K.L.:
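Below you'll find the structure I mean.
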Amino acid sequence: MSESVSEQEIVRRQKLAKLKELGIEPYGEKYQVTHCATDVIGRFVALEGQPLLLAGRLMTIRTHGKASFANLQDESGQIQIYLRLDDLGEKNYMIFELLDMGDIIGVSGEAFRTRRGEVTVAVKEFRLLAKSLRPLPEKWHGLTSVDLRYRQRYLDLIVNPDVKKVFILRSRIVQEIRNYLNGLAFLEVETPVMHTLTGGASARPFITHHNALEMQLYLRIATELHLKRLIVGGMDKVYELGRIFRNEGISTRHNPEFTSVEIYQAQADYLDMMILTEELVSTVAQKVFGTMKLLFQGTEMDLTPPWPRMTMVAAIKQFAGIDFNEIITDEDARSVAVEKGLTIKPGMLRGEVMNEIFEEFVENRLFQPTFIVDYPLEVSPLAKRKTDDPSMTYRFEAFMACSEIANAFTELNDPLDQRQRFEWQMAKREAGDEEAQMLDEDFLHSLEYGMPPTGGLGIGIDRLVMILTDSPSIRDVILFPTMRPRD
RNA sequence: GAACCAUUAGCUCAGUCGGCAGAGCACCUGACUCUUAAUCAGGGUGUCGAUGGUUCGAGUCCAUCAUGGCUCACCA
């Protein structure tokens, strides 16, 4: 933010000084409001002629000599106010003339209808609650600079009313997710954000340092391993809704810190998690939007359960024309991928290649809610192997609007198998894969006491909110997205 | 991390072939007691993102850098 003061800011500071000279406190005490703007408009018939107290920000001012109209904006919306010299007296009217757009005032008066029919508050008294020293963005176009909108979200919220709607919806979506899970007797818990090692997902972490312990700490990239420890401890239905951090690029679908909800249920499997996913998402949509059919970027999406299920192998066969039932070796898999034009790292395993092909050719075809089930072992280090095919796992991901919104599996509860999977991950780490997971000895230790059969599910809240609110960028659903600081 | 686009007044944006820095809103001065993008009469308030270069002369052309957007890569 620049230190320089524009001419307009100088004028406002002069007005501030003048108000003080007149004995006006420019940053007043709280104003005891009785109504909000939309209240007065919506209940005009009942409220006409009643004393009303409102407070808000002056958004427009239209002076006509000895009378003025202005628009007052509070949290509910805007209402027109009308101030006359005859009603206010000369001194107060002069004080009003020292106000600017953006100032926050409290008004008391009565509602009436203008000749043009607009519900308006005829102000008898007003009080300055906060003087605004900077001009607001322009009133027709508002604030459109995407950069400034994110950096100065408060301005965005003041002048672009639709922005607030999205964040109200976000809040309600999160609230309904909690309601739904609490209703099923899931217990909301909080686990550490700072980890001594990273796991539960494949991602590079943020690193920080604890002075007293003189140790390196990582910001969590997932909540999974702690929640499963709770399952070991006998907390049979738990969830955590919170922020996780991944040290990766920024895009319209990625922010370095984002919100996930992870849900774990003992004596459940991935099939139960599938039902939970479709019921949760469709119920939330029904409660928040009153429908399970939503538009996303112009196309209708039907969230009504049950959602279609398709194995990854079948999906690849359908959309990429490759039949992985006939591809046995890693080498064959790699050459098929190369034929399809993919760049494949040397030494990639069959399952990893399969996942690459899926992401390249299938993901962007999954607009309607769809479950893709049975993921290869190689890309699922925490999921249980299928008994009839140990190269695959009991895992699914849910897709909506061509975006992955949920990832779930029957949790691997065999400590020996889990140790081996970690060892594979560590080998990948040593081979230079910074996203590979670290061996979590303490987690293995807990598994060795015995973890019941468990279903686990993770949902990306930001992605889900994006899709449900028809927002094209993740930054539209994060109040303060990560930005490089400006000098 | 790579390509492309953008950066000019408080905000939204024009700026032609390289020749005095522009508009609307906002702001300032004045008029106006039912306006609502109020109106009317005046007033331009600027480090043209930064630094170099080419040129008699650069907002404009070139190079580098910065920031943002977008597409891709990575990922969720």
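So you know, we letter chains A, B, ... as the sequences are listed, proteins then strands, and number each from 1. Since the structure is predicted, the reported quantities are computational estimates derived from the model, not experimental observations.
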K.L.:
What is the distance from CD of A:Glu9 to P of B:C28, rounded to the nearest Å?
P.N.:
13 Å
K.L.:
Flag the pair A:Arg170 and A:Asp462 as a salt bridge only when some basic side-chain nitrogen lies within less than 4.0 angstrom of an acidic carboxylate oxygen.
P.N.:
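Here A:Arg170 pairs with A:Asp462 in a salt bridge, since their nearest N and O are under 4.0 Å apart.
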K.L.:
Under 4.0 Å, counting only non-hydrogen atoms across every strand here, what does A:Gly458 touch: a base, just sugar-phosphate, or nothing?
P.N.:
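A:Gly458: no heavy atom of the nucleic acid under 4.0 Å.
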K.L.:
Do any side-chain nitrogens or oxygens of A:Arg204 fall under 4.0 Å of OP1 or OP2 in B:C74?
P.N.:
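Checking A:Arg204 against B:C74: no side-chain N or O falls below 4.0 Å of OP1 or OP2.
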K.L.:
Does A:Gln8 contact B:A26 through a side-chain donor or acceptor facing the base, at a distance under 3.5 Å?
P.N.:
yes
K.L.:
Can you tell which of B:C11, B:U36, B:C25 lies closest to the side chain of A:Thr114?
P.N.:
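Of the options given, the side chain of A:Thr114 lies nearest B:U36.
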K.L.:
For side-chain contact (heavy atoms from CB on, under 4.5 Å), just list the numbers for A:Thr469 and A:Ile173, CA-CA rounded to whole Å, side-chain angles, deciding distance to a tenth of an Å, and then say yes or no.
P.N.:
CA-CA 10 Å; A:Thr469 60; A:Ile173 289 165; 4.3 Å; yes
K.L.:
Consider the side chain of A:Asp147, meaning its heavy atoms from C-beta on, and name the nucleotide among B:A76, B:G68, B:U33 that approaches it most closely.
P.N.:
B:G68
K.L.:
Determine the contact category for A:Phe112: base if any of its heavy atoms lies under 4.0 Å from a base atom, sugar-phosphate if only primed atoms, P, OP1 or OP2 are that close, otherwise nothing.
P.N.:
base
K.L.:
Go through B:C13, B:U67, B:C11 for me and flag the one nearest to the A:Leu143 side chain.
P.N.:
B:C11
K.L.:
Mind checking A:Glu118 for me? I need base, sugar-phosphate or nothing, with any heavy atom below 4.0 Å counting as a touch.
P.N.:
base
K.L.:
With a 3.5 Å cut-off and heavy atoms only, can you find an N or O donor on one side and an acceptor on the other between the side chain of A:Asp86 and the base of B:U33?
P.N.:
yes
K.L.:
Any residue in residues 159-166 of chain A with a heavy atom nearer than 4.0 angstrom to RNA chain B? Just list them by number, or reply none.
P.N.:
none
K.L.:
Report yes or no: does A:Glu352 contribute a side-chain atom to a donor-acceptor pair with the main-chain N or O of A:Leu349 at less than 3.5 Å?
P.N.:
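Checking the backbone N and O of A:Leu349 against the side chain of A:Glu352, a donor-acceptor pair under 3.5 Å is found.
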K.L.:
Of the options B:U45, B:C70, B:C28, whose atoms approach the side-chain atoms of A:Val11 most closely?
P.N.:
B:C28
K.L.:
Contact class for A:Thr252 vs. all strands (heavy atom < 4.0 Å): base, sugar-phosphate, or nothing?
P.N.:
sugar-phosphate
K.L.:
Among the nucleotides B:G24, B:U35, B:A38, which one has an atom lying closest to any side-chain atom of A:Glu138?
P.N.:
B:G24
K.L.:
What integer distance in Å separates A:Arg243:CZ from B:A76:C1'?
P.N.:
15 Å
K.L.:
For RNA chain B, what string of dots and brackets results from 5' to 3' when Watson-Crick and G-U pairs need both distances under 3.5 Å, crossing pairs get [ ], and pairs with another strand get |?
P.N.:
((.((((..((((.....[..))))((((((.......))))).)...(((((..]....))))))))).))....
K.L.:
What's the closest nucleotide to the A:Arg84 side chain, out of B:U33, B:U36, B:A76?
P.N.:
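Closest nucleotide to the A:Arg84 side chain: B:U33.
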K.L.:
Please give, in whole Å, the distance from B:A26 C1' to A:Leu133 CG?
P.N.:
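It is 16 Å, rounded to the nearest whole Å.
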K.L.:
Say whether, by atom type as modelled, one donor and one acceptor occur between the side chain of A:Arg429 and the main chain of A:Ala436 under 3.5 angstrom.
P.N.:
yes
K.L.:
Has the side chain of A:Asp330 got a donor or acceptor atom that lies under 3.5 Å from a matching backbone atom of A:Arg350?
P.N.:
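Yes: the side chain of A:Asp330 pairs with the backbone of A:Arg350.
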K.L.:
More 5' along RNA chain B: A:Gly117 or A:Thr144, using each one's nearest nucleotide?
P.N.:
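Its nucleotide being nearer the 5' end, the pick is A:Thr144.
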K.L.:
For RNA chain B, which residues in residues 47-77 of chain A have a heavy atom at a distance below 4.0 Å?
P.N.:
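When residues 47-77 of chain A is checked for heavy atoms under 4.0 Å from RNA chain B, the hits, listed by number, are A:Arg62, A:Thr63, A:His64, A:Gly65, A:Lys66, A:Ala67, A:Phe69.
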K.L.:
Specify the closest pair of heavy atoms between A:Ile244 and A:Ile221, including all atoms of both residues, with the distance to one decimal.
P.N.:
CD1-O, 3.6 Å
